[in-house]
Amino acid sequence: IATATTVKGPWDGWYKFTELMPGKYTVTLDMKSVTGALTTAGSFTVTLAGGDNYIDADFGIAEVLPVTGMNAAALALVALAMLAAGAVAVLFTRKRREDT
């Protein structure tokens with residue numbers, strides 16, 4: 001029946017359908033038009049009587065953040081390498097003391 005496109009500004013993601021006749025309406029989010037992951041249902045249905053406004057419906061979108069730093073496996077490998085290097089340093093120091 002109608003399409004609303006969200007706008008940038010202080011109300012990012014808001015949409016508005018005006019002058020609707022009484023009846024049942026379903027709003028569906030086109031995921032091709034947004035980035036991120038949907039955190040709510042992808043559509044909702046409301047029934048409006050004459051003169052009704054429904055302003056409580058919204059879609060939740062969580063932005064997918066880039067991965068930064070190390071993952072747990074890489075961090076574990078670094079920790080093991082540091083542990084091994086520390087053990088070698090201790091053994092080398094002991095050997096030097098024994099030789100002197």
Side-chain angles (χ1 to χ4, degrees):
I1 295 175
T3 299
T5 302
T6 60
V7 296
K8 294 291 181 188
W11 306 283
D12 288 354
W14 286 39
Y15 41 84
K16 183 177 183 180
F17 298 95
T18 59
E19 301 179 26
L20 297 174
M21 300 296 294
K24 188 176 192 178
Y25 295 90
T26 299
V27 179
T28 304
L29 179 64
D30 178 4
M31 287 303 295
K32 295 178 284 187
S33 67
V34 297
T35 60
L38 188 62
T39 61
T40 60
S43 67
F44 59 89
T45 301
V46 296
T47 301
L48 301 176
D52 277 356
N53 291 313
Y54 186 79
I55 60 171
D56 295 331
D58 196 8
F59 296 109
I61 303 291
E63 288 296 322
V64 178
L65 299 176
V67 176
T68 60
M70 295 182 162
N71 64 26
L75 191 57
L77 286 175
V78 169
L80 287 173
M82 291 177 70
L83 183 62
V88 168
V90 168
L91 291 175
F92 181 73
T93 302
R94 280 189 185 169
K95 179 70 173 147
R96 282 185 84 189
R97 286 185 184 172
E98 290 173 1
D99 290 344
T100 55

Acceptor/donor pairs from residues 69-84 side chains to any protein atom, 3.5 angstrom cut, sequence neighbours excluded:
{"unit_1": "N71", "atom_1": "OD1", "unit_2": "A73", "atom_2": "N", "d": "3.2"}
{"unit_1": "N71", "atom_1": "OD1", "unit_2": "A74", "atom_2": "N", "d": "2.8"}

### Message
Using every non-hydrogen atom in the two residues, find where P22 and A49 come nearest and quote the distance to one decimal.
### Response
CB-C, 4.0 Å
### Task
Please name all residues satisfying side chain to side chain contact (heavy atoms under 4.5 Å, CB included) with T26, sequence neighbours left out, ordered by chain then number.
T28, S43, T45
